[in-house]
Amino acid sequence: AALLGLTIEYACGETWFNCANIPEQCSNSSWDTAEYVLSVYAMERDGSPLPTCSFKGALIFARVVASMTRVSPCIVTGDPLTTPLTDEGFQAVLRQKDALKVAIFIQRLVEE
């Protein structure tokens, strides 16, 4: 758990957003926080993971998911139907320069 915290801290220091603004639903556990922070980190690097496959001598975050069809509400993606309704989620959709995807995201936001 300590290493996961260090990984989150590292990624928070390397992203443009303020990690104090992680959505409440994603701050209840270290794993949810890691999903959010590391997905923002990867999005900013065009999907590239952390610079190496280890951090301070240990493997980097890999959460075992019971069902690969489960979509976490804490993973920031370019999918306007599933990305969190946050500024980071909006930026992930916006950077695709697809007006339809932006409209879908905004419609979700309005309906929320």
Side-chain angles (χ1 to χ4, degrees):
L3 190 55
L4 183 60
L6 288 173
T7 302
I8 292 168
E9 185 178 312
Y10 170 81
C12 280
E14 297 293 318
T15 58
W16 60 269
F17 83 102
N18 182 345
C19 282
N21 295 333
I22 293 170
E24 184 177 338
Q25 70 187 29
C26 302
S27 60
N28 294 326
S29 80
S30 296
W31 292 108
D32 290 341
T33 300
E35 284 183 340
Y36 192 84
V37 171
L38 295 176
S39 63
V40 171
Y41 179 96
M43 176 202 62
E44 289 181 1
R45 285 149 186 80
D46 297 319
S48 299
L50 293 173
T52 66
C53 60
S54 68
F55 180 75
K56 298 207 182 237
L59 292 177
I60 289 186
F61 170 80
R63 184 176 187 176
V64 177
V65 179
S67 169
M68 294 307 286
T69 59
R70 170 179 102 54
V71 176
S72 170
C74 297
I75 297 177
V76 177
T77 69
D79 185 341
L81 295 172
T82 61
T83 198
L85 297 174
T86 62
D87 186 45
E88 295 77 33
F90 179 66
Q91 294 301 321
V93 173
L94 189 61
R95 70 188 313 190
Q96 296 175 71
K97 298 179 180 164
D98 183 326
L100 179 58
K101 288 183 178 183
V102 171
I104 291 168
F105 180 90
I106 292 171
Q107 181 177 356
R108 273 185 62 218
L109 187 60
V110 168
E111 291 173 356
E112 183 77 6

Heavy atoms of I8 and S30 approach each other most closely as CD1-O, 3.6 Å

Side chain of T33, backbone of C26: donor and acceptor closer than 3.5 Å?
-> yes

List for me each residue that meets side-chain hydrogen bond (donor to acceptor under 3.5 Å, both in side chains) alongside E14, sequence neighbours excluded, and say none if there are none.
-> none

Within one Ile-Leu-Val-Met-Phe-Trp-Tyr cluster: L109 and V102, side-chain cutoff 4.5 Å | yes

Under 3.5 Å, is there a donor-acceptor pair between the side chain of T83 and the main chain of D79?
-> no

Any side-chain heavy atom of T86 sitting closer than 4.5 Å to one from F17?
-> no

Could I get the full list of side chain to side chain contact (heavy atoms under 4.5 Å, CB included) partners for N18, not counting sequence neighbours?
-> A20, N21

No-hydrogen, no-angle side-chain donor-acceptor test under 3.5 Å, Y36 and S27 = no

Those residues that, when tested against E112, pass side-chain hydrogen bond (donor to acceptor under 3.5 Å, both in side chains) (two or more places apart) | none

Worked check of side-chain contact (heavy atoms from CB on, under 4.5 Å) between D87 and W16 | CA-CA 11 Å; D87 186 45; W16 60 269; 3.2 Å; yes

Listed once per pair and sorted, the ring-ring contact (aromatic ring centres under 6.0 Å, His included) pairs that draw on residues 79-103, sequence neighbours left out = F90-F105

Measure the spacing between CH2 of W31 and CG of L38 and express it to the nearest 0.5 Å.
-> 10.0 Å

Would you tabulate the side-chain donor-acceptor contacts of residues 92-99 under 3.5 Å, counting partners in other chains and residues two or more places apart, or write 'none'?
{"from": "R95", "atom 1": "NH1", "to": "M43", "atom 2": "O", "distance (Å)": "2.3"}
{"from": "R95", "atom 1": "NH2", "to": "D46", "atom 2": "OD1", "distance (Å)": "3.4"}
{"from": "Q96", "atom 1": "OE1", "to": "K101", "atom 2": "NZ", "distance (Å)": "2.9"}
{"from": "Q96", "atom 1": "NE2", "to": "G78", "atom 2": "O", "distance (Å)": "2.6"}
{"from": "Q96", "atom 1": "NE2", "to": "A92", "atom 2": "O", "distance (Å)": "3.3"}
{"from": "D98", "atom 1": "OD1", "to": "L100", "atom 2": "N", "distance (Å)": "3.0"}
{"from": "D98", "atom 1": "OD1", "to": "K101", "atom 2": "N", "distance (Å)": "3.3"}

Under the side chain to side chain contact (heavy atoms under 4.5 Å, CB included) rule, collect the residues that match up with N28, sequence neighbours excluded.
-> none

For the residue pair S39 and C74, what are the closest heavy atoms and their distance?
-> OG-O, 3.8 Å

Cluster overlap I106 with L85, hydrophobic side-chain contacts below 4.5 Å = yes

Which atom of E88 lies closest to which atom of V76, heavy atoms considered | O-CG1, 3.6 Å

